[in-house]
Amino acid sequence: MADERIIAALDVRTLAEAEKLVEKLGDSIVFYKVGMELFYAVGPEIIKYLKGKNKKIFLDLKLHDIPNTVAEGLVSLMRLGVDIFNVHASGGFTMMSRAAQRVREEADKMGINPPKLIAITVLTSMDGDDWDGLGMHMPIDEQAVRLALLSKDAGLDGVVASPHEAARIRRACGKNFMIVTPGVRPTGSTADDQSRIATPEQALKNGASQIVVGRPIYKADDPRKAAEQILAEINPADC
C-alpha cells in the first residue's frame with residue numbers, strides 16, 4: 001500500500017517524462033508534487049493525467065502577489081481538482097486570509113471540500129549567507145515559526161518548512177496543522193542544492209505531516225526501488 005506521507009516530486013519538463021516516471025512507480029506512490037518546471041511546460045494536461053491514474057496532487061506554484069490576484073488565481077487553479085496548493089507566507093496576513101476565504105467560498109459554491117491551502121515559510125535552499133544577504137536579523141528557525149503562526153492565524157491549513165524547523169512549528173501550531181517538508185534526503189543521498197535537509201525518518205519524527213522527495217526518486221536507476229527503500233526507512237515494521 002502506498003503511504004500518503006510521501007509526495008514524489010515530478011521535477012521533469014515533459015509530459016512523456018512524467019508519465020514514464022509515474023508508470024515506473026506504479027502503486028508505490030499515490031501523491032505527486034507538480035511544480036513550476038512541469039506545469040509551466042505542459043499546463044493542466046499533467047493534472048488530468050494524474051487524476052486519471054487516481055493520484056493525489058500537490059500543485060506547487062508558490063503564489064505571491066497582491067491579495068486579490070492571489071485569491072482569484074487560486075480560485076482558477078482549484079477548478080483543476082488538485083488536493084494541495086500553496087502561497088508564500090511572506091505575502092502577508094491579508095494576502096493569505098483573503099486567499100483562504102475565497103477558496104472556501106468557491107468550494108462551497110461548487111459543492112466540494114476545499115483543497116488544502118498551505119504557505120511557504122523559508123525555502124529549504126536558503127542558507128545563512130543567503131539569509132544574511134536579504135538583511136534578515138531574526139534567525140531562520142524563528143522566522144519560520146513566526147510565518148507558520150501567521151499562516152495559521154490567516155486560516156491556512158499548514159505550511160511548507162524544512163525538517164529543521166518542523167519540530168518547533170509542530171509545538172507552536174498544534175497536531176492538526178499540516179507541515180510539508182521538502183529537503184528530504186534518504187540515508188546516503190547527496191544534498192544537491194538543498195541546505196537544511198534531513199532523512200525521511202528524521203523529518204517525520206520532527207513533526208512533518210508529509211515529506212516531498214524529488215531527485216532521490218526520479219534520478220534513481222530504479223525509481224520504484226528507491227521509493228520502496230524510503231517506505232522501509234519510515235515504516236520498517238511494515239515493509
In the structure I gave you, are the side-chain heavy atoms of [X] and [Y] within less than 4.5 Å of one another anywhere?
| X | Y | answer |
| --- | --- | --- |
| Ile120 | Val87 | no |
| Val160 | Pro182 | yes |
| Ser151 | Ile118 | no |
| Lys51 | Val82 | no |
| Phe39 | Val42 | no |
| Met110 | Met78 | yes |
| Ser162 | Thr181 | no |

Where [X] and [Y] come nearest, the two heavy atoms and their spacing:
| X | Y | result |
| --- | --- | --- |
| Arg170 | Ala208 | NH2-C, 4.4 Å |
| Ala161 | Thr124 | C-CG2, 4.4 Å |
| Gly43 | Ile46 | O-CG2, 3.2 Å |
| Gly174 | Lys152 | N-NZ, 4.5 Å |
| Ala226 | Ala220 | CB-CB, 3.7 Å |
| Val184 | Pro163 | CG2-CG, 4.4 Å |

Joint cluster assignment, [X] & [Y], ILVMFWY side-chain distance < 4.5 Å:
| X | Y | value |
| --- | --- | --- |
| Leu38 | Leu15 | yes |
| Val159 | Ile211 | no |
| Ile66 | Phe93 | no |
| Ile169 | Val122 | no |
| Met178 | Val145 | no |

Quick one: do the Glu105 and Gln101 side chains pair a donor with an acceptor below 3.5 Å?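 Judged by distance alone, the side chains do pair up.
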How about NZ on Lys62, more than 12 heavy atoms from neighbouring residues, nucleotides or ligands closer than 6.0 Å, or not?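 For Lys62, atom NZ is crowded (more than 12 foreign heavy atoms under 6.0 Å).
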Take atom CG in Asn113; do more than 12 heavy atoms of anything else shown fall under 6.0 Å from it?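 It does not: Asn113 CG has 12 such atoms or fewer within range.
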Carboxylate-amine/guanidinium contact [X] [Y], below 4.0 Å:
| X | Y | value |
| --- | --- | --- |
| Lys48 | Glu45 | yes |
| Arg104 | Asp157 | yes |
| Lys205 | Glu201 | yes |
| Arg146 | Glu142 | no |
| Glu228 | Lys225 | no |
| Asp27 | Arg224 | yes |

Rounded at 0.5 Å granularity, tell me how far [atom1] in [X] sits from [atom2] in [Y].
| X | Y | atom1 | atom2 | result |
| --- | --- | --- | --- | --- |
| Leu150 | Gln143 | CG | CD | 9.5 Å |
| Leu74 | Glu106 | CG | CD | 11.0 Å |
| Ile217 | Lys24 | CD1 | NZ | 13.0 Å |
| Leu156 | Leu147 | CG | CG | 11.5 Å |
| Leu80 | Leu50 | CG | CG | 11.5 Å |
| Leu21 | Tyr218 | CG | OH | 9.5 Å |

In a check of side-chain contact (heavy atoms from CB on, under 4.5 Å) between Lys33 and each of Leu10, Asp11, Ile84, which one passes?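 Exactly one pass, corresponding to Asp11.
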Checking Phe85 against Leu117 for the side-chain contact (heavy atoms from CB on, under 4.5 Å) test, could you report, in this order, the C-alpha distance in whole Å, the side-chain angles of both residues, the deciding distance, and whether it holds? CA-CA 5 Å; Phe85 47 21; Leu117 178 58; 3.8 Å; yes
Stepwise side-chain contact (heavy atoms from CB on, under 4.5 Å) test for Ile234 and Arg5: CA-CA 10 Å; Ile234 64 173; Arg5 292 178 298 170; 3.7 Å; yes
Donor-acceptor pair, [X] side chain versus [Y] backbone, under 3.5 Å?
| X | Y | answer |
| --- | --- | --- |
| Arg98 | Thr69 | no |
| Asn86 | Ala119 | no |
| Ser28 | Ala227 | no |
| Ser209 | Ile179 | yes |
| Lys55 | Val22 | no |
| Asp60 | Val34 | no |
| Trp131 | Met138 | yes |

Arg168 vs Asp141, test: salt bridge (charged side-chain N to carboxylate O under 4.0 Å, His left out). Steps then yes/no. CA-CA 8 Å; Arg168 289 192 62 183; Asp141 59 344; 3.1 Å; yes
Evaluate the side-chain contact (heavy atoms from CB on, under 4.5 Å) criterion for residues Tyr32 and Lys56: first the C-alpha distance (whole Å), next the side-chain angles of each, then the deciding distance (0.1 Å), finally the verdict. CA-CA 6 Å; Tyr32 285 92; Lys56 294 192 173 183; over 6 Å; no
Between Ile57 and Phe31, is the side-chain contact (heavy atoms from CB on, under 4.5 Å) condition met? List the steps. CA-CA 6 Å; Ile57 304 159; Phe31 226 122; 5.6 Å; no
